[in-house]
Every structure is written in structure tokens, then in C-alpha cells.
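To start, the structure itself, in C-alpha cells.
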Protein chains: 2
Amino acid sequence: MRIGEVAALTGTTARTIRYYEEIGLLAEGAERELGKHRCYSQADVDRIREIVRLKDLLGLSLEQLSQLLEAETARADIRREFQETDDPERQRELLEQSGGHIATQLELVRGRIAELTRLEGELRERSERVEARLASLETQAAPGVRA
Amino acid sequence: MRIGEVAALTGTTARTIRYYEEIGLLAEGAERELGKHRCYSQADVDRIREIVRLKDLLGLSLEQLSQLLEAETARADIRREFQETDDPERQRELLEQSGGHIATQLELVRGRIAELTRLEGELRERSERVEARLASLETQAAPGVRA
DNA sequence: ACTCCTCTTTACGTGAACGTCATATTAGCA
DNA sequence: TGCTAATATGACGTTCACGTAAAGAGGAGT
């Protein structure tokens with residue numbers, strides 16, 4: 001795939017994708033000679049989608065994402081090496097790394113969910129107070145209910 | 001209170017607070033004559049805290065926050081007018097407005113929670129897959145368990 | 001070989017959200 | 001009243017995350 005299609009598929013722009021490559025968020029297909037077109041796989045599309053998602057949902061800077069996605073980057077390498085090695089000990093190591101990376105992301109997401117849930121609770125409380133006041137107003141002043 | 005204390009209490013800086021005033025996020029105490037020090041109340045501190053919180057948690061721009069916090073701004077006015085009026089019909093109106101504003105915020109927060117929860121599910125799934133593989137590796141290659 | 005669209009590289013531009021002086025003024029205190 | 005720390009105002013600087021324009025090259029179809 002070429003850059004335009006990837007941009008369309010990910011809801012970004014060619015500039016954005018080149019920028020992500022520029023800052024090291026996306027690996028520049030090392031085999032590509034300068035001047036020739038970049039080409040992408042479905043894996044790249046998936047990665048870009050994940051970048052956008054995490055960026056939007058967690059509000060992370062691209063540098064923070066870089067950090068976090070070293071996990072993903074590593075996972076790709078890990079999967080490859082995993083296929084190639086027959087040493088079960090090495091396989092175990094690779095799986096544990098992978099698990100650690102995912103755990104980091106999970107913590108982040110869960111933390112954020114917790115904060116938002118607290119906020120939701122506070123808002124709901126306010127909302128209920130207003131509703132209660134409204135209700136008491138209705139019973140007080142309802143037409144024909146004058147004490 | 002003066003700006004330095006407010007900055008400390010909210011974890012921001014004086015510049016930030018002045019900036020928020022500049023763009024209309026914070027009302028400039030209308031009674032203050034130009035050149036004299038700004039002064040703040042606890043309500044201002046609370047508002048700034050809420051701004052920072054929503055900004056960080058939801059990743060909203062200050063302009064979006066401006067929109068969203070028209071709700072809060074209005075609530076303050078509403079509370080004041082609510083105290084002053086005796087017309088129950090008007091009181092009902094004010095309460096309903098207030099409720100609407102809170103509902104908007106609730107929707108936003110809940111939507112974000114839902115998205116994050118989906119993400120959490122996906123991550124958990126991945127995590128479980130890795131764990132399962134690890135487990136199968138252990139039973140296969142556990143010392144002394146050679147078939 | 002030619003065409004036309006997409007892409008590449010380079011480089012300058014932009015908006016948001018402040019940071020950072022410089023200079024003048026104010027408020028609290030001895 | 002004088003000193004000092006905190007503030008006010010104005011203006012320019014900065015970082016991030018791209019947008020945009022210019023000039024040339026790639027590549028698929030005819």
C-alpha cells in the first residue's frame with residue numbers, strides 16, 4: 001500500500017504519517033531507497049490506528065506514545081524471534097517481556113478509567129441533587145396541591 | 001487570595017491563570033481596576049481545578065472547555081438568581097438548565113469511559129493470550145515432565 | 001514514450017498553550 | 001516613609017503536531 005491509501009484508512013494525512021516516521025514513531029521501511037515511494041502493510045495500518053487511538057483516548061504526547069509503543073515495537077520483534085527460536089527458555093523470556101508491555105498499557109488505561117469514574121460519580125451526585133430539588137419544587141407548587 | 005497562592009493551590013502558574021483570563025476561561029474580576037492585583041476566591045480555585053482536571057482527563061482544548069464550562073459559569077449565575085427569585089416557575093427553569101449542563105458533561109465522561117473500557121477489554125484479551133501461551137510452555141517444558 | 005496522478009523532499013507557516021524576559025506598579029511591613 | 005517581595009502589563013520566544021506550498025521524481029495505464 002502507498003501512503004495515500006494508508007492515510008485514508010487511518011483517518012490521517014500523508015503529512016501526519018511522514019511526521020510520525022520523522023520522529024521515530026513509525027519505522028522507515030529500511031529497504032526503501034530515498035526518493036522512492038514508501039510502502040506499507042496492514043500491520044502499519046494497525047499501528048497507526050493504535051497510535052491515534054491512544055493519543056486521543058489518553059491524551060498522550062507523541063513522545064510518551066513512543067515510549068509506550070516501544071512495547072508494541074518490541075512485540076513485533078518478539079513475535080518474529082519467537083517463531084525462529086526453539087529454545088523454550090528463550091521463548092518464555094520473550095513471552096514475559098510481551099506480557100510486561102501489555103501490563104504497562106493496562107495499568108495506564110485502568111488508571112484513567114478510575115479517574116474518570118470518580119469524576120462520573122461526582123457529576124452524578126450533582127445531577128441527583130438538582131433532580132431532587134426539581135422534584136421537591138414540583139410537589140410544592142404543583143397545580144392544585146396547595147397545602 | 002492573590003494569584004501566586006492560587007497557582008500553588010491549583011498546581012499551575014500565574015502565567016497560566018492570567019492566560020485563562022485572557023481567553024475568557026476565567027472571568028476577570030470586573031471590579032478590579034487595571035494595574036491593581038487580581039484577587040480570587042475559593043470558587044475560583046475550584047473552577048481552575050476543574051479546568052485542569054477536564055483538560056487532562058478528557059484532553060479537551062481550552063476552547064472546548066470554554067464551551068463546556070459555560071455550563072459551570074451559568075450554574076453560578078443560576079444559583080444566584082435562584083436565591084433571589086421567588087417565582088417557582090422560574091426556579092424550575094433554572095434547575096432544568098443546570099441539570100442539562102451537568103447531563104452534557106456526564107455524557108462526555110461516560111462516552112470516554114466506554115471507549116476506554118473497550119480498549120481495556122482488548123488489552124486484557126491480549127494479556128490473557130500471552131499468559132496462556134506461557135502456561136502451555138511451562139507444562140510442556142517443565143523440568144522433569146518430558147513425555 | 002507520454003500522460004496524469006500520486007508521491008518525495010525541503011522548507012517555511014500555523015495555532016494552541018503557555019514560558020520568559022523587561023519594566024513598572026502595588027501591597028504588606030518595619 | 002522606605003524597602004522588598006509579589007504582581008501587572010506587554011511583548012517576544014518556544015514546543016508540539018502538524019499544514020501548506022514549491023519543485024521535482026515515480027509509476028501505472030495507453
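Because the structure is a prediction, the values reported are computed rather than measured.
Taking a cutoff of 4.0 Å between a charged side-chain nitrogen and a carboxylate oxygen, A:Glu22 and A:Arg15 qualify as a salt bridge. A:Glu93 has a carboxylate O that lies under 4.0 Å from a charged side-chain N of A:Arg90, or vice versa, which qualifies the two as a salt bridge.
A straight line from CD of B:Glu22 to P of C:dA17 spans 12 Å, rounded to a whole angstrom. At whole-Å resolution of the value, OH in B:Tyr20 and P in C:dA16 are 14 Å apart. A:Ile23 has its CD1 atom 13 Å from the C1' atom of D:dT15, to the nearest Å. Atom-to-atom, CG of B:Leu26 to C1' of C:dC18 comes out at 15 Å; the value is rounded to the nearest Å.
Listed by first and then second residue, the side chain to side chain donor-acceptor pair (under 3.5 Å) pairs that reach into residues 48-60 of chain A are A:Glu50-B:Arg126, A:Arg53-B:Glu122, sequence neighbours excluded.
With sequence neighbours excluded, the residues satisfying salt bridge (charged side-chain N to carboxylate O under 4.0 Å, His left out) with B:Glu96 are B:Arg92. Residues that satisfy the side chain to side chain donor-acceptor pair (under 3.5 Å) test with B:Gln67, not counting sequence neighbours, are absent from this structure. Residues forming a side-chain contact (heavy atoms from CB on, under 4.5 Å) with B:Ser61 (at least two apart in sequence, or on another chain): B:Glu63, B:Gln64. Under the side-chain contact (heavy atoms from CB on, under 4.5 Å) criterion, B:Arg2 pairs with B:His37, sequence neighbours left out. A:Thr12 meets the side chain to side chain donor-acceptor pair (under 3.5 Å) test with A:Thr10; sequence neighbours excluded. Not counting sequence neighbours, the partners of B:Val109 by the side-chain contact (heavy atoms from CB on, under 4.5 Å) test are A:Leu116, A:Leu119, A:Glu120, A:Leu123, B:Leu58, B:Ile113. Take A:Arg129 and apply the salt bridge (charged side-chain N to carboxylate O under 4.0 Å, His left out) test, not counting sequence neighbours, and it matches A:Glu125.
If you check residues 46-64 of chain B against DNA chain C, the residues with a heavy atom closer than 4.0 Å are B:Lys55, B:Ser61, B:Leu62, listed by number.
Between the A:Arg47 side chain and the A:Leu25 main chain, a donor and an acceptor come within less than 3.5 Å of each other. In this structure, B:Arg80 contributes its side chain and B:Glu84 its backbone to no donor-acceptor pair below 3.5 Å.
Direction change of the helix axis from one end of the helix from C:dA1-D:dT30 to C:dA30-D:dT1 to the other is 10°, with five pairs defining each end axis (rounded to 10°).
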Enumerate all atom pairs, one protein N or O and one N or O from nucleotides 1-4 of chain D, separated by less than 3.5 Å.
none

* Structure fact -> Its contact letters, B for base, S for sugar-phosphate only and - for none at protein heavy atoms under 4.0 Å, make nucleotides 5-14 of chain D read -SSSB-----
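A close approach under 4.0 Å does occur between a side-chain nitrogen or oxygen of B:Thr13 and OP1 or OP2 of C:dG19. For A:Thr16 and D:dG19, the shortest distance from a side-chain N or O to OP1 or OP2 is below 4.0 Å.
Using a 4.5 Å heavy-atom cutoff, the side chains of A:Tyr40 and A:Ile3 are in contact.
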